[in-house]
Every structure is written in structure tokens, then in C-alpha cells.
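Written out below as C-alpha cells is the structure these notes cover.
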2 protein chains.
Amino acid sequence: MSPEPAATPRKQPKQERSQATVEAILTATTHILTENGYDQLTTNRVAERAGVSIGSLYQYFPNKKALIFALAEHHANEMVRLAQYHLEGLNNLTIPEVLRQIVKAAIAAHAVNPKLHRVLHEQIPHSEVMRRLDETKMENMLRSFLAQRSDQLQPKNLELTIFMVERTIRALLHGATIDRPELLNTGEFEQELMAMLSTYLVKR
Amino acid sequence: MSPEPAATPRKQPKQERSQATVEAILTATTHILTENGYDQLTTNRVAERAGVSIGSLYQYFPNKKALIFALAEHHANEMVRLAQYHLEGLNNLTIPEVLRQIVKAAIAAHAVNPKLHRVLHEQIPHSEVMRRLDETKMENMLRSFLAQRSDQLQPKNLELTIFMVERTIRALLHGATIDRPELLNTGEFEQELMAMLSTYLVKR
DNA sequence: TTACAATATGAATGATTGCTCACATTTTAT
DNA sequence: ATAAAATGTGAGCAATCATTCATATTGTAA
């Protein structure tokens, strides 16, 4: 990023002020999206709801797309962060055990802000970039887990397997979050999803 | 959300002439969407490309949303039609055999117009109604297939199973169509998807 | 205090675009 | 042939909305 002077970092009150502005803008965007939907999202309305002038908004976001992208990125990062937290220290587990943890992690990740998640995915025109936000990190995590256990794996083609498993988990969690939220409370859904992946992946 | 405007065609075309107009409009919409994308889709441009006046467009579609919905509906119907064609006379097959046919049917359905399918799903804000277009019929077909063979089924909860299988097939076909089109040529993808569902569903 | 930088303001603009409507043309029915 | 119905036309209205910019306020450093 910008070149840092090698001095003691000191809190810049200016920074705080503008930091608060940026946060207010992102929060307002979230609220308008979840409460009113994408077609009610105008930059002027965001500014108003954030208690900030429209000029300030354009001081931190060059345009509306950038604002939405920043929000989507933030949300994706939160989801990944939470998932990673659930996936620490899985080194000595078997494939079924790993899968159970991965499913649990995905469930937790989708609980970050389901309403926002829904709007982000079903109302907002997705750019190429945006579509890849969640995807890549999950694929990498899966790759490292599965590659370590390739001797226990039944399917031959690792990359295809990663693709299938990642998409399956994401689609089912996504679908449940949006259309069958009641499934997320019972352990049954978790159990069956894990079972499906498990019976497919493990050598018998 | 804002109150939805009527999505029903304004006028039922009686003469051949108007039938041709409607088709020209839908075709033009398809072309603009696939060649230029959703944010280039203006009603005036559609009319121009269709070789028809803007007034004529509004004679058959009350508003832009209705135009898009009509196109989405038409496309979904085509997909279902093609799928059903692949799914006739499966009465005496085993679950794995049925699954193979279902996967084949889904592949065929996604080949109807992949570019349009992509744009429809990733660039266009989806209404509640639109999201359900493909879903329901596929679920019903699955229900009838699986219910007939419940004695061979390993999972207990039929409705949950239908949900999982339908979403899994759709997500993987959708994902492959959009992000990994090369997978659709090899039989490997078909084989593995079938294998995953099969090992999960069938009693051992 | 003073000078400067960072941050905030919001009325105004400019461009886009969905959609209407008064009227013209073509087809059908009698 | 004539009326009525169906269909077609496109200039222009009206509203929306992203974005700008000239100006004001606030904080920092000397």
C-alpha cells in the first residue's frame, strides 16, 4: 500500500473520524439492502441513512459498484474467517471427520448474515470478480485437506473432486439458508450432507 | 421490496403478425443479453434490434420486468421440456440407472442456451417468482421416481433427500456450464456425479 | 495564532431510460 | 365498401439517480 514512515504508529483522530464514516456507510448499505432490497439502494439514500453527506460517500468509494463490491468483499471475508476458525487442527482426522467439520464450518459461515447473503446473491448483478470471492479460498482449503489423504480417496481426479465437493456444500448451504432455514437447526441436514460426501469420497 | 407490477402479458396476440412481433422482441432480448449483457438491455434498444417500435413492445409487455420474466419463463420451459424428453419410460430401472438418466437429462437441459442461462442467473436480479421457475418441476419428477423405489433407498427422509439431490444436480450442472464447460464433454463428470448420488442413495 | 491538510457538505447537473399517448396503418367482419 | 378491431409508430415526457464541485468545517502541527 502507501509507503509507511518508520515511526511509532500514533492514532490519528482524523483517521478515526473518517474510519467511522466509512463504517457508517457500509452499515447503512447493509441495512438498506436487507430491509428494502437492491432496487431501493441509491447512493443518496445510503448517505442519508448513514447520517453522512453524499459527498463524503464519494470520498471513500469512487462509485456505486465499488461500494457494493467493498460490502460483498467484507461479508465474504467474515464468512471465510469464521470458517477457518472452525477448521483449525484437523491434521489427524479421517476423511469423514474432516467432512463433518467442514460442513459445520460452512453452516457457521452462512450464519454470519443470512439476509445480507441472500440479497447479495440473488438481487445483485454479479461481476466476474465478485463471483469468485468465496470460492477460491474454500477450494484451496479443501485441496490441502484432501491431498493429504489421497490414499483414502476413492475418486481418481482430485481437481474434479474438489470442484464437486465445494459446489455441493456451497449450493446446499446456500439453498438451505435461503429456502429451508429450518433445516439448519436440526442435525439431520448436517448428518446427511456429510454422509453423502463421505460415502462418495472414502474407499470401501 | 417494492410492489411488483403485473407480470402478465398486456394483450394476447391474435393475428400472425403480432405473434411474429412478440417473437422478434424475445429474440432481440436474448441477443442483447447474451452479446451485450444486462446493463445494456434497454427497452428502446430491444425494440430497435427487433425491428419494431417501442410502442409495440409495450403493447405486449406491460413493463421491462415482465419482458425479462417472459424470456426467463420461456427458457425454463425449454429446459424442462428437453429434460422430460430424456426421462420417458424409466419405470423399470434401478436407482443408479435412473440417476444416470437424470444426470444426462440435466446436461441436455443446460445445453439449450448456456449463454442465456448464464446471464439470466448471474446478471439479472431474481425475484421470488423467477427463482422457482426451474425448481418445482424437477422436484416433482424426482419425487415420483424416488417414491416408487423407497424400498431401495438408504436415507429415511424423502423430502430432505429430494431437496439435496435436486440442488446438487442443479448446482453442479450450473457451475460446470458456467465455469467448467470442458467438463460437459467428457463422460467423467457425468459418471462421478452419478456415482456420488448413487452411493449415497442406495442401500448396501 | 496561523497555515495547511483532512474531512464534510449538499445543491445542482447531466445523462439515462422506462414508458405514454395521440395518431397511422393494416386486417377482419359484415 | 365500410366500419370496427387489431396492430404499429416514435417523438417526447417525467422521473430517477449517480456523480461533481465549490465551499465550509474540523483537526494537526509549528
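All chains are named by letter (A, B, ...) in the order of the sequence lines, taking the proteins before the strands, and each is independently numbered beginning at 1.
- Of all the residues in residues 44-61 of chain A, N44(A), I54(A), Y58(A) reach under 4.0 Å from DNA chain D with at least one non-hydrogen atom.
- Contacts between residues 36-43 of chain B and DNA chain D, defined by a heavy-atom separation below 4.0 Å, involve no residue at all.
- Annotation: proximity of residues 62-73 of chain A to DNA chain D (heavy atom, distance under 4.0 Å) is found for N63(A), K64(A), numbered in ascending order.
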- Message: Working note: H126(A) + H121(B), criterion ring pair (Phe, Tyr, Trp, His ring centres under 6.0 Å); need CA distance, chi angles, decisive distance, verdict.
- Response: CA-CA 9 Å; H126(A) 277 50; H121(B) 278 82; over 10 Å; no

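- Here the closest heavy-atom approach between residue S18(A) and residue Y60(A) is recorded as CB-OH, 2.9 Å.
- Using a distance-only test at 3.5 Å, with no hydrogens or angles considered, no donor-acceptor pair links the side chain of T186(A) to the main chain of E182(A).
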- Query: Does the salt bridge (Lys or Arg N to Asp or Glu O under 4.0 Å) test come out yes or no for E35(B) and R49(B), once each step is laid out?
  - Reply: CA-CA 12 Å; E35(B) 289 164 23; R49(B) 171 106 193 213; 3.0 Å; yes

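- Taken to the nearest 0.5 Å, the NE2 atom of H110(B) stands 9.0 Å off from the CG atom of L184(B).
- Formation of a donor-acceptor pair under 3.5 Å by the E97(B) side chain with backbone atoms of T94(B) is found in this model.
- Checking H174(A) against H117(A) by side-chain atom types alone, a donor-acceptor pair falls below 3.5 Å.
- With 3.5 Å as the limit, one finds a donor-acceptor pair spanning the side chains of E188(B) and N157(A).
- Heavy atoms only, all atoms of each residue included: R149(A) and N92(A) are closest at NH2-N, 4.4 Å.
- Contact between the side-chain N/O atoms of S18(B) and the OP1/OP2 oxygens of dG8(D) is not found at any separation under 4.0 Å.
- Under 3.5 Å, the side chains of Q191(B) and R100(B) contain a donor-acceptor pair of N or O atoms.
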